[in-house]
Amino acid sequence: MSEYSKLDVTQETIDAETEGMTINMGPAHPAMHGVVRLIMNLDGERIRKVDVEIGYLHRAFEKSAEQAGYLQVIPYTDRLNYVSPLINNFGYASAVEKLMGIETTERCQFIRVIMSEISRVSDHLTCVGASAMELGAFTAFLYLMKAREYLYELVEEVTGARLTISYVRIGGVKADFPEGFKGRALNAIKEVRKVLKETNQLLTRNRIFMDRLEGIGLISQEDAIAHGITGPFLRSTGCDFDLRKASPYWVYDRIDFDVPVGSRGDNYDRYLVRLEEMEQSMRIIEKAFALMKEGSIRVDAQGKEIPASLMVDEAKMGNTKGFWQFEPQVDPTLEGTAKKNQKAIYPDVEDKKEFMLPAKENTYGNIEGLMNHFKLIMIGHGTSPPKGEVYFPVEGGNGELGFYVVSDGTDRPYRVRVHPPCFPIMSALPKMLEGDMVADVIATFGSVNMIAGELDR
Amino acid sequence: MELTAPQKENIQKIEHSNLFTPGFFSSKVSEVVGWARKNSIFQFPMVTACCGMEYMSVACSHYDIDRFGAGFPRFSPRQSDVLFVVGTISHKMAPVMKRIYEQMTEPKWVVAFGVCTCTGGFYDNYATVQGIDTIIPVDVYIPGCPPRPETVIDGLIKLQEKIEHSGFESRPGK
Amino acid sequence: MTDLIEVIQNKFPDLVESSHSQCGDQTVVLKKEGLLTVMKYVQHEPSLHFNMLMDLTAVDYWAQLRKPRFDVVYHLYSTTKNHRLRIKVQVSEKECEVDSLTSFWPSANWFEREVWDMFGVKFKGHPNMKRILMYEEFKGHPLRKDYMYNKRQPLVGPVN
């Protein structure tokens with residue numbers, strides 16, 4: 001009080017009502033990675049009220065998906081959560097497979113598990129790295145990006161692209177692992193573990209880092225559930241809901257792993273949960289490699305395995321035993337003569353309509369593959385799932401990533417809806433920010449791991 | 001150590017060249033300015049979408065655009081020379097991007113990073129701007145969805161060439 | 001798996017319009033006026049305990065010439081019982097309004113704004129019914145089937 005009186009400040013001035021100041025943050029703020037706008041009302045440095053405005057990256061995923069065939073939706077799904085595109089891919093394909101009532105082969109499911117987990121690790125690496133960088137820990141960011149690069153190299157080796165991979169096919173995956181992939185993947189994991197150890201030493205018990213995160217951005221478990229939050233965010237509040245455990249899909253029920261759970265639901269817990277999840281993901285990858293067996297990676301529309309040799313031209317393989325009986329004749333309807341004779345030549349081949357795109361070697365290598373591909377890609381010719389609706393959730397990088405597919409019986413989806421895991425978290429953001437300081441916005445927002453592509457779709 | 005004959009000859013050549021003798025070399029100020037500018041690109045990464053992941057990869061240690069003097073992103077448009085538009089621009093974002101461009105001081109350059117910013121990419125729909133050059137002038141287009149880091153570096157070198165030869169003005173007609 | 005359809009049908013025989021189960025997803029189609037009653041029941045009934053409104057969206061059946069035109073779709077999940085239920089409400093184009101669930105689950109707030117933005121279905125009692133993904137000047141509702149997917153609207157200037 002004595003200092004104040006020197007400055008000629010009376011008690012009245014101290015108690016006087018202050019007027020809030022409105023500050024805009026985003027949509028092109030460096031810490032608002034992705035694009036989101038926060039309109040904050042401040043009292044001094046404390047946040048009174050936050051308005052979150054989203055939609056700056058609305059790219060009409062759901063509308064585009066209605067225009068394309070079932071297979072053409074896959075590239076759009078890559079760009080939803082672009083930090084873990086493989087999980088989106090698999091989630092969408094699994095939803096359509098569920099609608100069609102088919103199940104992929106065991107090897108394919110193992111591949112999906114492994115690739116999903118690689119994606120999850122790279123997702124969490126980016127999240128932890130970026131949020132650490134925004135708090136000033138640039139070294140940690142560089143280290144983690146280095147680790148992510150190892151994983152991108154693995155992804156590139158399998159899928160042919162680093163980021164937007166379009167690896168999945170409905171009823172399987174595009175290609176099997178290349179030769180020697182297992183060894184390289186395990187090596188990469190070893191490297192990532194090394195980096196994580198270093199980062200752990202740099203960040204986890206770092207005084208500045210802890211002070212910035214501990215007790216900031218608190219949310220209780222009840223609030224989180226009421227807001228529909230899932231994923232690492234919900235787990236940091238103490239709820240152990242993980243779709244891989246709660247309703248195991250693919251082969252997750254055969255793999256042993258733990259679900260890390262926090263206790264307080266603050267930024268520091270979320271950081272720790274993400275760190276531990278990376279470790280568990282790597283454990284899953286190792287286990288999955290150990291359990292994986294050789295086999296086919298694709299099934300047809302009836303859910304039967306397609307052996308790799310089936311797509312090869314049978315005549316070229318010397319399988320010409322029925323040909324000599326049939327006189328080729330000119331057909332006035334230009335329907336082709338071979339069509340009605342086909343059954344007689346190959347009585348054991350069923351007249352089946354395939355859903356899977358043929359392997360790329362066949363598409364480029366022989367006419368049958370090319371025709372098959374062309375037929376499936378053309379609108380109006382591809383296989384159509386039955387009428388109905390289906391919802392299939394998978395555990396994405398940020399939480400439950402659900403695809404709700406409505407089919408009207410044609411070869412284009414009538415409606416594809418994504419349940420974006422970021423969306424509920426962002427809607428709860430005002431709750432976490434109000435009462436904190438302006439500087440805490442960065443820490444809390446970093447721990448949300450907002451991905452604009454999936455938030456705005 | 002005894003010098004060989006060719007070595008001695010070389011030393012003589014250097015001594016007789018005007019390298020060590022007082023003299024001058026002729027150049028234009030604009031060239032010097034261009035040379036200086038191309039190696040100190042201060043960029044403003046306006047990261048909106050997926051391409052941001054590749055932008056991160058380029059900026060970090062594996063691909064390291066610091067080698068080209070562009071390693072230091074400025075997060076204020078007023079302090080930067082090059083606007084990297086990284087990722088899809090939607091109709092809602094377009095006015096924001098235009099304002100950021102207008103806030104940058106001359107000389108300024110714009111790089112369209114990724115096919116969405118070049119042409120709209122495969123987002124041909126109601127929400128997406130079909131190429132940012134419908135709104136602001138673009139100097140270098142880096143296509144790809146997203147472009148590989150090597151492509152980005154290639155684009156950056158192209159931009160450097162352009163900066164080197166553009167003299168005082170980035171956009172002479174303006 | 002408990003038969004959730006049966007539970008709801010027995011409890012509210014007048015409010016359930018139809019129900020079906022496909023691929024293990026149980027769906028109950030409710031009458032519009034019964035939405036709040038049933039939702040309150042499924043949220044608080046201990047044997048159901050749907051504490052999470054996982055997803056809320058809509059489907060436009062204009063292209064199939066169906067009347068009523070819209071379906072508002074709710075996906076519910078219970079973290080304690082680990083079961084899911086889909087609840088649908090049919091909305092006609094003339095009376096494009098459903099009761100808001102914001103007082104039951106806060107997550108409904110943004111989801112309902114999104115449905116309003118994309119489909120033009122209004123929610124009665126929503127505290128902040130405005131566009132969320134598109135900008136205010138945008139005319140029409142893009143996810144309706146009669147909105148052409150590439151119908152662009154003129155760009156608007158900087159807004160503050």
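Computation of the quantities below employed the complete heavy-atom set of this structure, encompassing side-chain atoms and omitting hydrogens, waters and symmetry-equivalent molecules. Residue numbering restarts at 1 for every chain, and letters A, B, ... go by the order of the sequence lines.
Within residues 117-132 of chain C, the residues having any heavy atom less than 4.5 Å from a heavy atom of chain B are, in residue-number order, C:M118, C:I132.
Within the 3.5 Å criterion, the main-chain N or O of B:A127 finds no donor-acceptor partner in the side chain of C:R152.
The distance from the CZ atom of C:F138 to the NE2 atom of B:H91 is 8.5 Å, given to the nearest 0.5 Å.
Taking the six-membered ring where the residue is Trp, the centroids of B:Y126 and C:Y147 are separated by under 6.0 Å.
Between B:D124 and C:N150, the closest heavy-atom pair is O-CB, 3.8 Å.
The part of B:T128 that comes within reach of chain C is its backbone (N, CA, C, O), which places non-hydrogen atoms under 4.5 angstrom from that chain.
No more than 12 heavy atoms of other residues, nucleotides or ligands lie within 6.0 Å of NZ in C:K11, so this atom counts as exposed by the packing criterion. The local environment of CD in C:E136 is crowded, with over 12 non-hydrogen atoms from other residues, nucleotides or ligands closer than 6.0 Å.
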